[in-house]
Amino acid sequence: MSSFDATEVRLTWRSTLVERLREAGSLQFGQVEIVLPRSFGFCWGVDRALAMVEEARREHAGRPLWLISSIIHNPRVNEDLRAKGVRFLRGEHADAGAWERLGALDVVIVPAFSAPVEDLMRLEARGVTVVDTTCPWVIKPHKRTLKYVKEGFTTVIHGTLGHEETEATCSLIAHEGGHFVVVDSLEQALPLARFLEGELDADGLRAALPERACSIGFDPSRDLARVGVINQTTMLARESRAIGDRLRAALAKRDGEAGLEESFRDFDTICRATQDNQDAARAIAEQSPDLFLVVGGYDSSNTKNLARVGDDAGVPAYHIEGPHCLDVESVRHRDRVSGRIGETQGWLPSRRPLRVAFTAGASTPDALLGEVIARLLQLCGEIEN
Ligand code: SF4
């Protein structure tokens, strides 16, 4: 994989408190112990994408620099780029009609999670300069799906509908004339398994899947003869494995073990950083801290899944976006089951000593994590406001 210099990125987003904790693993502040996992926060792909943006700002100084929607799933980082003059083609801060005005002078950054083929073709047609920061780990499932399409397999993607990476993968498959089905959980994969086992008909399967979960023209009776599984790079690894195993069992029932060679493929496309952060978070959660705070954007897939690791270990885990989410009485967080953002009262235990574990998603800067830790220590009365 290509080399890049992330020094400037790391310096911009550094936190001395987090650096001390990274070094020590845990630190005691009066009656409160703060614990961090051995792996958390900015991943290789995010470092690389942000370093490429800085390089583009220097190399194309004076030219309009655009992001399609966001560079990574963290509001603070995207806001920082906006303050530096980077403009947006989509989303909350989009310039109306910008796509139509793009021309040879404009520079457009493709984010780390890639972009749909239609967007890339549109950019090419407008003659803009493209800076492609797509993470090489994201290209891995792309390559695998192209192989599936070529060999006549329909791709089952363990991913989230609407997530840019999965949208890009779906568009690639459709563009190549293949078919896909997106399932975001084991539960959503079950109707598919039941169809393969002959226990659900095609109409029943269509009704059970969310809108837009299948490619246009997808015909379950015709297109599920051969099934290849991949996952969005940032999903919960154990759930991806469970989905692959469940579909394999269903096809074994339909085609026999000997038939699987013809009809089934399963390829793990979870990225290394996601896997490392999940493993490290699990190790910390299994130490049964009193509280587990997971810091990252609410639209960050890998952060959402880190919060689910706490569930596995039976530890109260809160997915929060930043220090503004914490107050003595209440915590503002994303509910892991419903996905809603709301407040929970009485979240902060009054007992002492208190052991609080933190982790942070791959798109969460150290600076933001450091502010959250400092806020928690203030609320516990261990450091001054
Ligand atoms: S989380 Fe993984 S796939 Fe996503 S940018 Fe980071 S290294 Fe790449």
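Side chains included, hydrogens not; waters and symmetry mates left out as well; all remaining heavy atoms used. When a ligand or atom number is given, it counts from 1 through the structure's own listing order.
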Six-ring centre of Trp44, Arg272 cation under 6.0 angstrom, axis tolerance 45° = no
Count of protein N, O or S atoms below 2.8 Å from atom 2 (Fe) of ligand 1 equals 1
Testing Ser114, Pro141, Ser301 for side chain to side chain contact (heavy atoms under 4.5 Å, CB included) with Glu165, which one passes?
-> Pro141
Share the residues that join Tyr298 in a hydrophobic cluster, the rule being Ile, Leu, Val, Met, Phe, Trp or Tyr side chains under 4.5 Å apart at the heavy-atom level.
-> Ile341
Distance only, no hydrogens: is a donor on one side chain within 3.5 Å (strictly under) of an acceptor on the other, for Thr234 and Gln232?
-> yes
Enumerate donor-acceptor pairs with a distance under 3.5 Å from any side-chain N or O in residues 205-217 to protein atoms, sequence neighbours excluded.
| unit_1 | atom_1 | unit_2 | atom_2 | d |
| --- | --- | --- | --- | --- |
| Arg206 | NH1 | Asp203 | OD1 | 3.1 |
| Arg212 | NH2 | Glu167 | OE1 | 2.7 |
| Arg212 | NH2 | Glu167 | OE2 | 3.3 |
| Ser215 | OG | His179 | ND1 | 2.7 |
| Ser215 | OG | Phe180 | N | 3.0 |

Given a cutoff of under 4.5 Å between side-chain heavy atoms of I, L, V, M, F, W and Y, with clusters grown through shared members, what are the other residues clustered with Ile270?
-> Met235
